[in-house]
Amino acid sequence: MLRILNSQSRKKEPFTPLDPVGKRVLMYTCGPTVYDSLHLGHARAAITPDVVRRYLEYQGYQVRYVTNFTDVDDKIIRRAVAEGLDYRKLTATYIDEFHRMMLALNVKPADAYPRATDHIDEMLQIVERLVKAKHAYVALDGDVYFDTSSFERYGALSKRKLEEEEAGLSGRIDEERLKVKKNRGDFLVWKLLKNDKEELSKGGDAVPRWASPWGDGRPGWHLECSAMSAKYLGLPFDIHCGGMDLLFPHHEDEKAQSECAFCKELGGKESVNYWVHNAFVTVKARPQDATIAADLVDSGGVKMSKSLGNVKWLREMIRPAGPFDPMAVRMLMLSSHYRSPIVFEPALLDEATARLERIYNGLDAMREALVRAARGKEDTRGYELNAEELARFSDPNLKTTRVPLLKNTAKAREAFTAAMDDDFNTAGALSAVFDLVTAANQEAAALKPDAPVTEGHATGFRMALGTLVELLQVLGFRPQREAAASAGDGEALVELLMKTRAEARAAKQFALGDKIRDELKALGYDVEDLPGGKWKVKKK
RNA sequence: GGCCGCGUACCCAAGUGGCUAAGGGGACGGUUUGCAAAACCGUUAUUCGCCGGUUCGAGUCCGGCCGCGGCCUCCA
């Protein structure tokens with residue numbers, strides 16, 4: 001039974017979908033504000049819901065998944081104005097990068113990627129409803145604000161009482177804005193162009209604006225998620241994901257708007273059943289960061305921010321521009337629980353790469369064993385479990401079998417599911433994956449080099465391989481090494497060198513053989529010799 | 001000031017009342033190998049920040065202390 005830690009109750013709750021048949025699950029994740037490149041934090045914020053979704057699908061649910069782009073907001077406008085660009089051109093650039101990065105990270109595509117600017121009408125309808133129901137008001141300066149005092153449940157999600165937070169905050173409250181609003185927590189739902197501060201209004205016609213009954217302007221940030229989740233999923237829906245930082249104010253405000261604007265449709269119910277928030281990726285402070293006190297340097301992580309110059313850009317980490325396999329980033333993220341912060345340092349990606357490599361080597365060993373069993377067949381494809389085998393494998397009696405690999409496979413699947421059922425404990429699930437890899441390696445190591453692989457062994461390997469591939473896919477890993485970037489001349493030349501090396505070794509000219517191996521390694525090709533004069537070359 | 005979270009081996013990290021504290025990385029020793037690599041075997045936490053309490057029993061619950069982080073302003 002899957003249990004999810006719900007941010008709203010702060011408790012692990014058994015997961016029950018809203019769907020009366022219990023089949024469909026509706027999921028929404030707050031996507032990025034597309035004004036800059038993605039960093040490692042964005043990777044985590046995308047991988048977390050991806051694994052939630054994949055696990056739900058593994059459990060037989062049909063998931064409808066929607067994530068948005070915030071493609072209009074002050075940061076975007078400021079940057080577009082500063083660079084003399086049309087803001088749409090700016091956002092298109094980063095939406096494009098987002099899709100490329102998601103592809104690299106093997107994040108399953110969403111069913112819809114709505115953008116704020118395509119839903120201005122829907123947002124205005126919500127503003128209208130809110131104003132009509134007296135949940136929103138026109139402030140002294142003409143902007144439209146949500147009235148937090150009008151919504152009893154306001155603060156229920158983030159457990160905040162704004163009055164109690166004011167002490168000690170004197171220097172950080174925007175006194176000017178406070179003068180025009182009714183309550184400190186009231187937030188913008190419609191912002192008038194004429195109220196823009198100078199650095200924005202100097203953009204002139206480049207500043208986007210939409211007509212509204214309250215005057216030309218643009219929507220408040222939180223509004224888009226209310227509008228788009230209602231449109232693409234309907235309210236209420238099952239699971240809402242996002243970064244920890246969005247809990248307040250973004251999700252609190254989004255929830256308030258949704259529940260006030262659609263209160264009739266919701267019939268008093270809340271708009272979201274399960275709130276899932278992932279923790280940050282932070283970075284170790286560096287001594288040269290002048291804004292950080294010296295005694296903090298040796299501590300845990302600090303948040304990535306551009307002013308500190310410590311942002312870890314995703315595209316600079318992963319291939320082709322960076323040194324790491326994108327799956328290593330996924331491995332890093334899934335190696336700890338999604339609610340624990342990750343203090344990033346590059347060595348963690350080295351470790352994740354090593355972990356990944358162990359899994360790939362295990363997969364290789366299983367496939368090789370199966371090839372040997374099939375004698376002569378060079379193509380290792382087609383060894384994944386078929387439906388009949390899967391069904392057979394689900395038989396709990398398999399655990400009592402005397403083929404140890406079958407027993408260990410069943411054990412691994414059970415441990416994997418138990419861990420994932422416990423609020424998506426991917427670190428625990430990975431430990432089950434490694435146990436399976438070890439069991440398969442043990443079996444492979446026990447095979448005599450020249451003896452045939454028996455049918456019994458082959459069955460064990462096939463079950464283990466099929467299961468491992470399946471579990472890896474639940475976690476979003478590709479079940480084989482990344483294909484070499486170009487299988488062109490380079491690969492052919494490597495093959496030629498390896499043949500030459502084999503001849504040298506056959507003639508016991510080991511110095512030459514080792515030289516070729518060393519030089520290839522320097523070029524990024526790891527050479528492994530296999531029994532029977534065969535070899536394996538792994539591109540780093 | 002309010003709210004939330006974290007502190008488990010050399011490193012990453014799971015474990016939230018009860019068999020010997022997962023798993024991975026690293027290191028060291030062994031098997032295998034022409035030498036490597038990969039793989040296999042073994043070693044690496046009598047102890048879970050510190051102090052006290054509850055309990056037959058606590059890393060796990062409660063209280064205090066110390067250290068660290070996040071949110072309260074745009075933020076994944």
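On a predicted model such as this, the values are computed, not experimentally measured, just so you know. In the text below, chain A, chain B and the rest are named by the order of the sequence lines, each starting its count at 1.
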What nucleotide, of B:G24, B:A36, B:C3, holds the atom closest to the side chain of A:Asp529?
-> B:A36

Starting from P on B:C35, measure out to CZ on A:Arg501 and report it in whole angstrom.
-> 13 Å

Side-chain donor-acceptor pair under 3.5 Å between A:Tyr87 and A:Asp71, yes or no?
-> no

Rounded to whole angstrom units, what separation is found between the NZ atom of A:Lys508 and the C1' atom of B:C35?
-> 12 Å

Nucleotide of B:C12, B:A22, B:G25 approaching A:Ser431 most closely (side-chain heavy atoms) = B:A22

Between atom CG in A:Asn361 and atom C1' in B:U32, what is the gap in whole Å?
-> 16 Å

Of the nucleotides B:G23, B:A76, B:A37, which one has an atom closest to the side chain of A:Glu528?
-> B:A37

Counting heavy atoms from C-beta on, name the nucleotide in B:A39, B:C12, B:U73 closest to the side chain of A:Ala445.
-> B:A39

Can you tell me, in whole Å, how much space there is between the C1' of B:U16 and that of B:A27?
-> 32 Å

Side chain of A:Arg517 (C-beta onward), nearest among B:G34, B:G25, B:C72 | B:G34

Would you please confirm or rule out a distance under 4.0 Å between OP1 or OP2 of B:G34 and any side-chain N or O of A:Gln509?
-> no

Looking at the side chain of A:Arg160, which of B:G2, B:G24, B:A14 is the nearest nucleotide?
-> B:G2

Nucleic acid contacts of residues 328-342 of chain A, taken as heavy-atom distances under 4.0 Å to RNA chain B = A:Ser335, A:Ser336, A:His337, A:Ser340

Nucleotide of B:C40, B:C12, B:C35 approaching A:Arg358 most closely (side-chain heavy atoms) = B:C40

C1' gap between B:G70 and B:A14, integer Å | 23 Å

Considering only atom P, compute the distance from B:U32 to B:A37 and round it to an integer number of Å.
-> 15 Å

B:C6 - base-pair partner by Watson-Crick or wobble geometry, distances under 3.5 Å = B:G67

By the Watson-Crick or G-U definition, both distances under 3.5 Å, B:G1 is matched with B:C72

Under-3.5 Å donor-acceptor pair between A:Arg44 side chain and B:A76 base = no

Ranking B:G25, B:C3, B:G70 by distance to the side chain of A:Lys159, first place goes to B:C3

Rounded to whole Å, the NZ-P distance (A:Lys521 to B:C35) equals 18 Å

Should A:Leu192 and A:Asp141 count as side-chain neighbours, where that means a heavy-atom distance under 4.5 Å?
-> no

Taking N and O atoms by type only, does the side chain of A:His39 place a donor or acceptor under 3.5 Å from a partner on the base of B:A76?
-> yes

Is_stacked (A:Phe510, B:G34) at 5.5 Å, 30 deg = yes

Side chains of A:Asp435 and A:Asn408: donor-acceptor distance under 3.5 Å anywhere?
-> no

Rounded to whole angstroms, how far apart are CZ on A:Phe424 and C1' on B:A13?
-> 20 Å

Over how many whole Å does the gap from A:Leu512 atom CG to B:C35 atom P extend?
-> 18 Å

With respect to the phosphate group of B:U16, does any side-chain polar atom (N or O) of A:Lys12 fall under 4.0 Å of OP1 or OP2?
-> no

A:Gly243 near the nucleic acid: base, sugar-phosphate alone, or nothing, with a heavy-atom cut-off under 4.0 Å?
-> sugar-phosphate

Ranking B:G25, B:A76, B:A14 by distance to the side chain of A:Asn425, first place goes to B:A14

Any strand is fair game: report the nucleotide pairing with B:U31 by Watson-Crick or G-U wobble, both distances under 3.5 Å, or none.
-> B:A39

Per the under-4.0 Å heavy-atom filter, residues of residues 245-255 of chain A near RNA chain B come out as A:Asp245, A:Leu246, A:Phe248

For A:Glu351 and A:Asp526, take the nucleotide of RNA chain B holding the closest heavy atom to each; which residue's nucleotide lies nearer the 5' end?
-> A:Glu351

Let me know the distance between CE of A:Met244 and P of B:G70, rounded to the nearest Å.
-> 13 Å

Nearest-Å distance for atom pair CZ/C1', residues A:Arg505 and B:U33 | 9 Å

